[in-house]
Each structure stands twice: as structure tokens, then as C-alpha cells.
Number of protein chains: 2
Amino acid sequence: MKPSTIDLKAIIRAEGLRYTNQRESVWQELQSSDDHRDAEDIYFSLRQKGINISRATVYRTIEVLVKNNLVRKLDLGDGKNRYECKWDAAHHDHLICTECGKIVEFMNDQVEGIQSDIAREYGFSLSYHIHQLFGLCEDCR
Amino acid sequence: MKPSTIDLKAIIRAEGLRYTNQRESVWQELQSSDDHRDAEDIYFSLRQKGINISRATVYRTIEVLVKNNLVRKLDLGDGKNRYECKWDAAHHDHLICTECGKIVEFMNDQVEGIQSDIAREYGFSLSYHIHQLFGLCEDCR
DNA sequence: AATTATGTGAGATTCAATATCAATAAGGAA
DNA sequence: TTCCTTATTGATATTGAATCTCACATAATT
């Protein structure tokens with residue numbers, strides 16, 4: 001699905017929320033750049049572009065986007081939440097270089113299957129998972 | 001390996017560090033109870049037992065234990081680091097109930113193998129990983 | 001255009017974790 | 001044992017991400 005085909009206004013309003021310039025700005029900003037960005041980063045980018053928005057609104061808007069599955073929250077272990085648009089990619093997880101911070105996305109259907117098996121074994125109904133591999137990338141080792 | 005067989009003094013001193021009561025206390029406390037505890041929790045437990053130790057020292061000592069592989073740091077997504085002794089268990093990961101917070105440990109050699117394959121494919125040398133499944137446990141769904 | 005409830009902004013607040021730095025004590029040397 | 005050097009500790013301040021507060025602004029309906 002292409003980003004442009006997602007109508008934030010429709011989604012927002014279907015939730016009974018109001019469509020605002022700030023919400024659209026955050027959504028645009030998240031789509032306009034590399035993934036794995038954090039809230040502070042989004043905030044400063046928008047300010048730099050002359051868009052008037054507050055820190056609180058950035059955080060609140062991201063939360064709305066996450067709740068509506070437009071954005072996925074990532075915890076890459078560096079103490080702040082990161083976010084990625086997930087509209088154009090199949091489910092993937094992350095390899096992270098502990099030296100240079102490089103993030104590589106990987107996909108593996110086999111693991112997904114095993115996860116379901118494990119959940120079933122313990123009587124859990126799965127809603128999401130975190131699967132991250134940390135180590136040194138080719139360049140850093 | 002039984003906990004009692006681990007000689008913290010020897011390990012600490014082999015690192016060129018000094019063996020102190022505070023470091024021993026934190027190590028004992030981590031072993032004496034359920035796993036998945038956080039630093040604040042350890043701090044209060046020790047204080048309650050009449051052991052004089054500061055918050056800073058608890059944090060610092062845990063860091064030492066982690067660096068020496070006596071303790072594993074967990075990020076279960078609730079905004080604080082948790083720790084577990086790993087001396088008596090094979091490697092395992094976690095299933096977490098998003099409703100009641102229950103934590104279940106699971107082991108799966110197949111996933112471990114696949115992780116190695118993925119790392120090799122992308123030229124990474126793996127040092128550790130995070131693999132957590134979130135959902136509702138039997139009781140909560 | 002008027003109404004009203006939701007959304008926003010600026011700043012205060014929270015909370016985990018880290019930094020600072022003077023005082024303390026571990027451990028080697030004599 | 002006593003002395004010394006230096007790592008460690010404790011009390012407190014500070015950081016940084018994220019959330020909360022509440023007066024004001026504004027979207028959307030009438």
C-alpha cells in the first residue's frame with residue numbers, strides 16, 4: 001500500500017477524533033524520512049520546518065497513530081521509543097549493531113511460526129512481539 | 001551451576017575491582033528471590049533488611065554484575081530495566097502477559113539456530129538478542 | 001455565526017537512571 | 001599492624017524521555 005493512499009483524515013475521524021494540522025504534520029513527517037525515528041527527533045524536524053507544534057502534541061499524536069496501526073513502536077534498547085511506518089512492509093524485525101547503531105531489517109516466516117507454537121503451548125494469545133538481534137555489523141567487527 | 005559455587009570475590013578481584021559488602025549484598029539479593037526484579041526494588045529490599053547501601057551503588061553494582069555475565073539485563077517494555085541471574089538456567093526468553101504482567105520463560109533451540117543463520121546472512125557477529133512475545137495469558141483472555 | 005467539546009501549547013512534573021564530589025574503606029606495601 | 005594509595009560509596013543534583021495540567025484555541029456541528 002502506498003503512503004499517499006492512506007487517508008489520515010478518514011481514519012482519524014472514523015475514530016471520533018478531530019483531524020488537525022498537527023496530526024497531519026506528524027504523520028507526514030513520519031512518512032517523509034527514514035524509519036526508526038524517535039519522538040524528540042520528529043518534534044525538532046517539524047519545528048525546523050517552521051511548523052508550530054508542541055512536544056506534547058507530537059507525543060500524543062504518535063500515540064494515536066500507534067493505536068490505529070499506522071505506526072509501529074520500537075524499543076531498540078537505547079532508552080527511547082522509536083517509530084516506523086509499517087504500511088509498505090511485511091512484518092519484519094531488527095538486527096542492531098552495538099557499535100555504530102546501524103539497523104537492518106530482516107524477515108523470517110519460520111520464526112513467526114514458531115512464535116505461534118510457543119504461545120499456544122503456554123496458553124497465550126499473542127498480540128505482538130519484539131525480536132532483536134544485537135551484535136557487530138560487517139563494518140564494525 | 002549452583003549459586004553457592006559462584007565466588008563473587010574471586011570474579012570481582014579478577015577484574016581488578018574491589019570486593020565490598022555492598023557488592024556482595026546486591027549479588028545475594030539478586031539470587032535470593034524471584035527473577036525479573038528492577039534496581040529500585042533491589043534497593044528497597046536491601047534497605048528494609050537494614051543493609052546500608054545507596055541507590056547509586058545498587059545501580060553501579062548491577063552494572064558490574066551484568067558486565068561479568070552474572071546477571072542478565074531485561075527490558076520488558078515497562079520503562080525500567082529488570083535483571084535476572086542466569087547461572088542456573090539455559091538460555092531462555094520471555095512471554096509477557098500485557099494484562100496481568102505475568103512472565104513465563106520459554107526455551108527454543110530452533111529459534112536460536114535461525115538467529116545465527118540470520119546474523120550470518122547479514123554479516124553480523126551476534127552478541128545477544130531480545131526475544132519477547134506479548135499477549136494475554138490463559139487467565140486473562 | 002454561535003456553540004461546545006476536543007485538541008493544543010507552555011511549562012511543570014514524574015520517574016528511572018546517571019553524574020558529581022567529598023568522605024570512606026579495600027587491599028597492597030612496609 | 002599501620003600506613004598509603006586509590007577505588008568505592010553515599011547524598012544529592014542532574015539528565016532525559018515521557019506524561020500531566022489547565023487555560024486557550026479551534027474543528028465540526030447546528
Side-chain angles (χ1 to χ4, degrees), chain A residues 7-30 36-68 71 73-83 101, chain B residues 7-30 36-68 71 73-83 101:
Chain A
D7 184 359
L8 183 65
K9 186 168 184 176
I11 294 172
I12 285 283
R13 303 200 59 182
E15 283 290 301
L17 304 173
R18 292 181 180 173
Y19 175 74
T20 65
N21 291 333
Q22 289 89 339
R23 284 174 175 164
E24 182 64 43
S25 298
V26 171
W27 173 232
Q28 290 302 324
E29 183 61 29
L30 270 162
H36 317 122
R37 303 181 68 188
D38 62 78
E40 210 69 5
D41 180 19
I42 298 291
Y43 169 66
F44 283 115
S45 289
L46 290 173
R47 300 289 294 200
Q48 196 148 25
K49 291 178 181 170
I51 292 165
N52 201 290
I53 192 170
S54 72
R55 207 176 243 98
T57 298
V58 170
Y59 278 96
R60 284 184 292 224
T61 299
I62 290 175
E63 224 32 63
V64 169
L65 297 175
V66 169
K67 281 215 184 80
N68 286 280
V71 162
K73 183 187 287 196
L74 302 177
D75 181 342
L76 265 33
D78 62 349
K80 50 191 164 186
N81 291 320
R82 292 170 179 281
Y83 302 92
Chain B
D7 183 0
L8 183 65
K9 184 168 184 175
I11 294 173
I12 285 284
R13 303 200 58 181
E15 284 289 302
L17 303 173
R18 291 178 182 176
Y19 175 74
T20 64
N21 291 334
Q22 290 88 340
R23 283 173 175 164
E24 183 64 43
S25 297
V26 171
W27 174 232
Q28 290 301 325
E29 182 61 30
L30 270 162
H36 317 122
R37 302 181 69 188
D38 61 79
E40 210 68 5
D41 180 20
I42 298 291
Y43 170 66
F44 283 115
S45 288
L46 290 173
R47 300 290 294 200
Q48 196 147 27
K49 290 177 180 170
I51 292 166
N52 201 290
I53 193 170
S54 71
R55 207 177 242 98
T57 297
V58 170
Y59 278 96
R60 284 184 292 226
T61 299
I62 290 175
E63 222 33 61
V64 169
L65 297 175
V66 168
K67 282 216 182 80
N68 287 280
V71 162
K73 183 187 288 195
L74 302 177
D75 182 343
L76 266 31
D78 62 350
K80 51 191 166 187
N81 291 320
R82 292 170 179 283
Y83 303 90

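Fair warning: this is a prediction, and the values are worked out from it, not measured in the lab. Per chain, numbering begins at 1; letters A, B, ... match sequence-line order. Heavy atoms only: backbone and side chains are in, while hydrogens, waters and symmetry mates are out.
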Nucleotide N/O to protein N/O under 3.5 Å, stretch nucleotides 16-20 of chain D:
{"from": "dA18(D)", "atom 1": "OP1", "to": "N81(A)", "atom 2": "N", "distance (Å)": "2.7"}
{"from": "dA18(D)", "atom 1": "OP1", "to": "N81(A)", "atom 2": "ND2", "distance (Å)": "3.1"}
{"from": "dA18(D)", "atom 1": "OP2", "to": "Y59(A)", "atom 2": "OH", "distance (Å)": "3.2"}

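Residue D75(B) holds its CG atom at 4.5 Å from CG of D75(A), rounded to the nearest 0.5 Å. With rounding to the nearest 0.5 angstrom, the CD1 atom of I51(A) is 4.0 Å from the OG atom of S25(A). How far CD1 of I53(B) is from CZ of R60(B): 9.5 Å, rounded to the nearest 0.5 Å.
For residues 10-20 of chain A, the pairs satisfying side chain to side chain donor-acceptor pair (under 3.5 Å) are Y19(A)-E24(A), with sequence neighbours left out.
Between T61(A) and W27(A), every side-chain heavy-atom pair lies at or beyond the 4.5 Å cut-off.
Of the options I42(A), V26(A), I62(A), a side-chain contact (heavy atoms from CB on, under 4.5 Å) to Y83(A) is made by I62(A) and by none of the others.
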* Where do R47(B) and N52(B) land on the side chain to side chain contact (heavy atoms under 4.5 Å, CB included) test, with the steps shown first? -> CA-CA 6 Å; R47(B) 300 290 294 200; N52(B) 201 290; 4.2 Å; yes
* Go through the steps to decide whether R23(B) and L17(B) satisfy the test side chain to side chain contact (heavy atoms under 4.5 Å, CB included), and finish with yes or no. => CA-CA 11 Å; R23(B) 283 173 175 164; L17(B) 303 173; 3.8 Å; yes
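Every side-chain contact (heavy atoms from CB on, under 4.5 Å) that D41(B) has, sequence neighbours left out, goes to R37(B), D38(B), S45(B). Taking the side-chain contact (heavy atoms from CB on, under 4.5 Å) definition, one finds that R55(A) meets it with E40(A), Y43(A), F44(A), Y59(A), sequence neighbours left out.
Put simply, chain A comes within 4.0 Å of DNA chain C, heavy atom to any atom, from dA5(C) to dA10(C), going 5' to 3'.
Listed by residue number, L17(B), R18(B), T20(B), Q22(B), R23(B) are the residues of residues 16-24 of chain B with a heavy-atom contact under 4.0 Å to DNA chain D.
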